[in-house]
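Below is one structure; the comments refer to it alone.
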There are 2 protein chains.
Amino acid sequence: MAATLKDVALAAGVSIKTVSNVINDYEHIRAETKQRVMEAISELGYSPNLSARSLRSGRTGVIGLAVPELSLSYFAELADSIIKAAGRRGLKVLIEQTGGDRDRELEILSSPRLQMTDGLLFSPLGMSNEDAHHLDVNFPLVLLGERIFGGPTDHVTMSNVESARAATAHLLSKGRRRIAVVGGHQGEVIGSAGLRLRGYRQALDEAGIPFDPALVAYATLWHRANGATSMRELLGSGVEFDAVFGMNDTLALGAMRVLQEAGRKIPDDVAVIGFDDLDEGRYSLPTLSTIDPGRIEIADTAVLVLQERISGREADLPPREFETRFRLIERESSALPA
Amino acid sequence: MAATLKDVALAAGVSIKTVSNVINDYEHIRAETKQRVMEAISELGYSPNLSARSLRSGRTGVIGLAVPELSLSYFAELADSIIKAAGRRGLKVLIEQTGGDRDRELEILSSPRLQMTDGLLFSPLGMSNEDAHHLDVNFPLVLLGERIFGGPTDHVTMSNVESARAATAHLLSKGRRRIAVVGGHQGEVIGSAGLRLRGYRQALDEAGIPFDPALVAYATLWHRANGATSMRELLGSGVEFDAVFGMNDTLALGAMRVLQEAGRKIPDDVAVIGFDDLDEGRYSLPTLSTIDPGRIEIADTAVLVLQERISGREADLPPREFETRFRLIERESSALPA
DNA sequence: CGCTCATCCTACAACGTTGTAGACTCACGT
DNA sequence: ACGTGAGTCTACAACGTTGTAGGATGAGCG
C-alpha cells in the first residue's frame, strides 16, 4: 500500500540506502542524486515507516504523560503545556490517565505498553513517599508533582511551601487574621496539601498568629464538589473566619460558591485565594486571586530533562530536583474589604 | 538490555516461535511447555517489543486524537472520555493539539507522524465544509464535531439543532421572550454556532417570536474571555433581553460574570443556559443550566467506529453519520423569576 | 605515474516480531 | 499394517529501516 524505501529507490534508480541517506541528511550526496531522490519521494508520496525506524533505532519520538485525569483542569492545562513543549522538541505525547489510583500508577510503571514511548513524565497522586523505590525503573522517567521527594529520578516541582506562605501572607497583609484552609489532607507531610499547609503555618508563625486546627477543612479529592462540601462543613461547624486559602483554584471556586450561597460577601466578609492560576479564575465572580505555579516552566523543564535522559548524554548524572518560580496573582477575591 | 524472544526461547529450551505462540495464546501448546515458557518470561522480565510487533503486524495499538486545545474544558473532558473509551478497547491515545488552526489541521491530515497510530479521531475547528475533501485520506479517520458534514468519513456528532431548540424552548417556557445569544459565528451555516443558532431560531419560530439580529453577539473563539466581551457588547448596545443562550458553557460563564458585575440578577433579571455540561457549571453561582451533548456516548461511538474501520471488517461500508442523544439539564440559572 | 584520500554510493546484516510451510508424533479408523 | 488427521513444535522469511563495511571514482600530490 504505502510506498517504502524500496519503491523510492527503484523509481530514482539508486540503492535504498541512498534514499535513506537523503532522508537523514547524510552529507556526501551529489546534489543531482539528492534532487532525483527527492522527486521520487514526493511523486510516490513516501513517508518513512516509524515502526521500522524505531525498531532499528530504538527511539520512537513519543513520550508518555501519566496524569490523574484530564477533566481536572490543572492537569488539562498541564497536558496542554507539555504537548506544546514536546512539540517544540519534535516529540509526540501519549497520555495515560491513572485516576489518581495507586495501583494503577504502579501498573503504569511496569506496563509493557510504555515500550511504545522513549520515556515517561509521571505525575502520581495515589503513590506516597514510601513508594519512591517503585520509580527506580529501567526507562527514562521524570517525576512531576509533590507526592514523592528524594526519589531515584529527576523531579520537577513547584515551590509549594514558599508560594503557599506568600499566598497566606498576602491575605494577612489585607488585614485578615482567621484564615480557613480548604483541601487539607489529614496527617500529610509530603504532598501538595502537606507542603502548602506548611507554608500556610509558616506565614502564620511569622505574623505571630497561632494555628487553629478547626480552621482546616479536609478533602481527599480536589474537585469542585469537594471545595463546596468542605466549605459547608466549615460553615456548619460555626468556626469564625475572614479568609479562605483554597489548596487549589478548583476547591476555592467550589468554596466561593457555597460562601456566596450562604450570604457571605467576597472579599468584604471573606477574602479568598486559590492556587494554580486556572483560566477559570480569571472569569469567576469575583475573579480569583491565586498562585501561578509556573506551569509553562514546569512543562518546558520536564520535557527538556526527559529528553536529556533519553539521549543518554546525561546518563551518569545523579537525580536532579528542579523547582519552578511562582507568582502571586492578585485579583478581586482578596481585595481589601470596602 | 531488555530480554527478547530469543532470550526467553533459549532459557525455556524452545524455539522463538513457540514463545511467540505462548504470548499470542495460540491454542495448540502443551500445558507443560506453556508453563516452562511462562516461567522463563517472568524470570527474564520479558515484555514484547512493540515497535517490532507493529512493524510486523502493521498495527500499533495507538490511535491519534486531534483537538484544538486541552485547555478548553470541553476538549479536556472529551479527551478524558476518549482515553477511557479507548482503554476499555485496549488502545492508547496520542494527543495532538491544532489550536483550531486550519493549516495545522490540514498538516495533521498528511503528517507522517501519524504512522505511529492506527487511525485518527479528528476534531477540526479551523477547517470548513469546503475542506471536506481533505478528509479523504488513506488511513482510518473518524470525524468529530460540527465543522464538516457529508464528508468522506464516518462522523460522530451531537444533535446540535434539536438540543439548541430544546434549550431555547426551555427559556421560553420560563416566560422569557427576548433571548440573547452569545458566541454566534458571522454567516456560519454549518458548524456548532450555525447549527445551534438554527435550533434557536426554530424554537423562536415555533413560539411565534420574531428573530432579532441585535440579540446575537458574535465571538470567533469560545473562551471565557469571549463570553465576557460579548456580554459587554450586548449590554453596551442597549438592546433589551431577559435571557441568554450561551453557545457553550464557557461562554455562558464568562457572560454571567459580566451580567452580575453589571448588577443583573440571574435568573431573576436574566435567565442563562449554556451548552456542554462542563463540571464547572455545577458549582458556579448560580449553577448553570445546560445541554449535556452526550459526551461519553460520543467518545464510545467514535472509538468503536474507528476500531471497526481499523480492523478492516467494515471497510466497504459507506461513510456513516452518528448523532448522540442530548439531555437538557435544568439548574438555577434558568429558574422562574422569583 | 602511482599513491592517498575524500567523495559518493552500494550490498548486506541486523533490529524483534509474526506468518507460512512443513516436520514430527501419536491416536484412530480401516 | 497403513494412511489420515489432529496436535505440537520448528525453520525460515519477511515487515522497512539504519549501521557497517567496503567498492568505485576522481582529485591532489610527490
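Chain A is the first sequence line, chain B the second, and so forth, proteins listed ahead of strands; every chain is numbered from 1.
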Angle between terminal axes - the helix from dC1(C)-dG30(D) to dT30(C)-dA1(D), 5 pairs each end, rounded to 10°: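 One end axis against the other gives 50°.
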In whole Å, what is the span from the [atom1] atom of [X] to the [atom2] atom of [N]?
X: K17(A); N: dG22(D); atom1: NZ; atom2: C1'; value: 13 Å
X: I29(B); N: dT10(D); atom1: CD1; atom2: C1'; value: 13 Å
X: H28(B); N: dG5(D); atom1: NE2; atom2: P; value: 15 Å

Touch class at under 4.0 angstrom, heavy-atom based, for T33(B) against every strand present: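 Sugar-phosphate: the residue T33(B), judged by heavy atoms under 4.0 Å, touches backbone atoms but no base.
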DNA chain D contacts among residues 18-27 of chain A, heavy-atom distance under 4.0 Å: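 Those residues whose heavy atoms fall under 4.0 Å from DNA chain D, taken from residues 18-27 of chain A in numerical order, are S20(A), N24(A).
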Nucleotide range of DNA chain C lying under 4.0 Å from chain A heavy atoms: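 Under 4.0 Å from chain A, the extent on DNA chain C is dT7(C) to dG16(C).
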Upstream residue (5' side of DNA chain D) when S57(B) and R36(B) are each assigned their closest nucleotide: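 Result: R36(B).
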Result of checking R88(B), K84(B), R295(B) against D300(B) for salt bridge (charged side-chain N to carboxylate O under 4.0 Å, His left out):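 When salt bridge (charged side-chain N to carboxylate O under 4.0 Å, His left out) is applied between D300(B) and each of R88(B), K84(B), R295(B), only R88(B) qualifies.
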Under 3.5 Å: donor-acceptor pair, side chain of D7(B), backbone of L5(B):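 A pair under 3.5 Å: no.
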Donor-acceptor pair, side chain of Q97(B) and main chain of V67(B), under 3.5 angstrom: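 Looks like no, no N/O pair under 3.5 Å.
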What donor-acceptor contacts under 3.5 angstrom involve side-chain atoms of residues 68-76 of chain A, with partners at least two apart or in another chain?
residue : atom : partner : partner atom : Å
E69(A)  : OE1  : S71(A)  : OG           : 3.0
S71(A)  : OG   : D80(B)  : OD2          : 2.8

R320(A)/E308(A) ion pair, N-O < 4.0 Å: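 Between E308(A) and R320(A) there is a salt bridge, with a charged N closer than 4.0 Å to a carboxylate O.
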Donor-acceptor contacts, no H, no angles, side chain residues 27-40 of chain B, under 3.5 Å, sequence neighbours left out:
residue : atom : partner : partner atom : Å
Q35(B)  : NE2  : E39(B)  : OE2          : 2.8
R36(B)  : NH1  : A12(B)  : O            : 2.6

Criterion side-chain contact (heavy atoms from CB on, under 4.5 Å) on V303(A) and L121(A), from CA distance to verdict: CA-CA 8 Å; V303(A) 173; L121(A) 298 177; 4.1 Å; yes
From S123(B) atom OG to L143(B) atom CG, the distance as rounded to the nearest 0.5 Å: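 Rounded to the nearest 0.5 Å, the OG-CG separation comes out at 8.0 Å.
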Qualifying residues under salt bridge (Lys or Arg N to Asp or Glu O under 4.0 Å), relative to R102(B), sequence neighbours excluded: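 R102(B) satisfies salt bridge (Lys or Arg N to Asp or Glu O under 4.0 Å) with D131(B) once adjacent residues are dropped.
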Modelled atom types, side-chain donor and acceptor of S192(A) and E146(A), under 3.5 Å: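 Yes - a donor-acceptor pair under 3.5 Å links their side chains.
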Exercise: do S51(B) and S54(A) side chains pair donor with acceptor under 3.5 Å: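 Yes, S54(A) and S51(B) have a side-chain donor paired with an acceptor closer than 3.5 Å.
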